[in-house]
Amino acid sequence: TQYTAEINAFSTDSADELEQFRIRFLGTKGIIKDIFDEFKAVSPEEKRVLGKVLNEFKQLAEAKYQTLKDQTEVTETKKDLGLDLTLPGEGFEIGARHPLALVRREIVEIFNKLGFIVAEGPEIEDDWHNFSALNFPEEHPARDMQDTFFIKKGGEKGDIALRTHTSSVQVRMMEEGKPPFRAIMPGRVYRNEAISARAHCFFHQVEGLYVDENVSFADLKQTLFYFVQELYGEGTKVRFRPSYFPFTEPSAEMDISCTICKGAGCQLCKQSGWVEILGCGMVDPNVLENCGIDSKKYSGFAFGMGIERVANLKFEIKDLRLFSENDARFLKQYKTSL
Ligand code: PHE
């Protein structure tokens with residue numbers, strides 16, 4: 001009984017101490033061996049009673065040893081690895097989507113609801129798709145090295161350059177398919193400009209094209225009006241100012257009532273209450289014909305907007321360079337659930 005109490009009280013997380021315990025009780029010269037040796041000498045009647053007690057004692061010692069052995073093994077492994085396996089995991093940080101990707105997706109979703117599909121084209125374009133088919137005259141300044149990054153002279157469809165706008169995707173779409181067309185075309189475009197807070201040598205646009213029988217300027221206005229209400233909230237006003245693009249006639253620039261001051265006048269809109277967000281117009285019949293579409297039967301509208309500009313207005317970002325610097329402090333602010 002003295003030993004039983006000792007065994008019950010014994011505890012250790014040291015492998016050495018446990019080994020001492022094993023030798024003392026369970027070893028070949030241990031206490032249990034001794035007792036069993038003495039046991040041989042007692043009378044048969046006593047053996048029956050004592051035998052049961054002794055066996056229980058032996059089992060107690062063995063069970064204790066096994067439990068402690070399992071425990072110390074875990075402790076020893078932890079020591080070896082130099083880590084505590086019971087600590088909670090570290091968890092990993094969820095990344096953020098790029099603000100331009102968020103805005104692009106929002107634009108795409110709004111136009112999807114109106115039945116516009118998404119189309120894409122190459123960033124390296126030939127002169128035909130970027131300029132000629134779009135009715136740019138031969139001497140147009142955009143065809144100048146000053147504004148466009150040219151890659152190669154000549155070629156079947158003219159010089160090869162980085163596309164300066166997504167309008168080239170309109171041409172590809174109309175050449176390859178049959179009307180009606182109803183698509184938006186997001187993508188990266190390049191212009192040879194000095195990098196500053198307000199200009200960059202690349203940026204992103206979303207082009208829109210709708211060609212069918214009897215498409216009118218009213219359709220253009222209604223589509224863009226709906227888009228703006230969805231993107232900037234109900235009550236956002238729009239206005240159209242006459243403009244010029246070689247590939248649309250008539251052409252317009254669309255302003256919206258300033259998203260910050262709601263038209264009252266602030267720094268962003270330079271006290272005018274309006275900010276420009278896109279260019280648009282009715283597809284020039286020459287463009288339709290260049291793409292093999294009967295301009296007597298079909299008409300259409302097109303528009304193009306800069307995603308950076310839309311994002312600037314949404315998030316009040318004042319420096320364009322932030323979009324491409326990959327500064328995590330900037331990017332982390334745009335955490336979303338998706
Ligand atoms: N491509 C024009 C630009 O880059 C925008 C635009 C697209 C204008 C379609 C009218 C129609 O400025």
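Just follow the structure's listing: the first ligand is 1, and inside any ligand the first atom is 1.
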Original post:
In this structure, are over 12 heavy atoms from other groups packed under 6.0 Å from Arg321 atom CZ?
Top reply: yes
Subject >> Check: Ser132/Arg143 side-chain N/O donor and acceptor closer than 3.5 Å >> reply: yes
Original post:
Does the side chain of Tyr3 come within less than 4.5 Å of Phe25's, by heavy atoms?
Top reply: yes
Original post:
Purely on distance, is any nitrogen or oxygen of Glu207 under 3.5 Å from one on ligand 1?
Top reply: no
Subject >> Exceeds 12 heavy-atom contacts within 6.0 angstrom, atom CD of Glu234 >> reply: no
Original post:
Any idea which of Cys280, Ser167, Gly304 brings a heavy atom closest to atom 1 (N) of ligand 1?
Top reply: Ser167
Subject >> Proximal ligand 1 atoms for Phe303, defined as those under 4.0 Å from one of its heavy atoms >> reply: 7 (C), 9 (C), 11 (C)
Original post:
If you count the atoms of ligand 1 from 1 in the order shown, which ones are under 4.0 Å from a heavy atom of Phe245?
Top reply: 8 (C), 10 (C), 12 (O)
**OP:** May I ask whether Gln205 has any heavy atom positioned less than 4.0 angstrom from an atom of ligand 1?
**Re:** yes
Subject >> Any Arg191 heavy atom less than 4.0 Å to ligand 1 >> reply: yes
**OP:** Would you kindly say whether His200 and Glu308 are connected by a side-chain donor-acceptor distance under 3.5 Å?
**Re:** no
Subject >> Element-labelled atoms of ligand 1 that are located less than 4.0 Å from some non-hydrogen atom of Phe247 >> reply: 1 (N), 2 (C), 6 (C), 7 (C), 8 (C), 9 (C), 10 (C), 11 (C)
Original post:
If you measure from the Lys or Arg side-chain nitrogens to the Asp or Glu carboxylate oxygens, is any gap between Arg182 and Asp212 under 4.0 Å?
Top reply: no
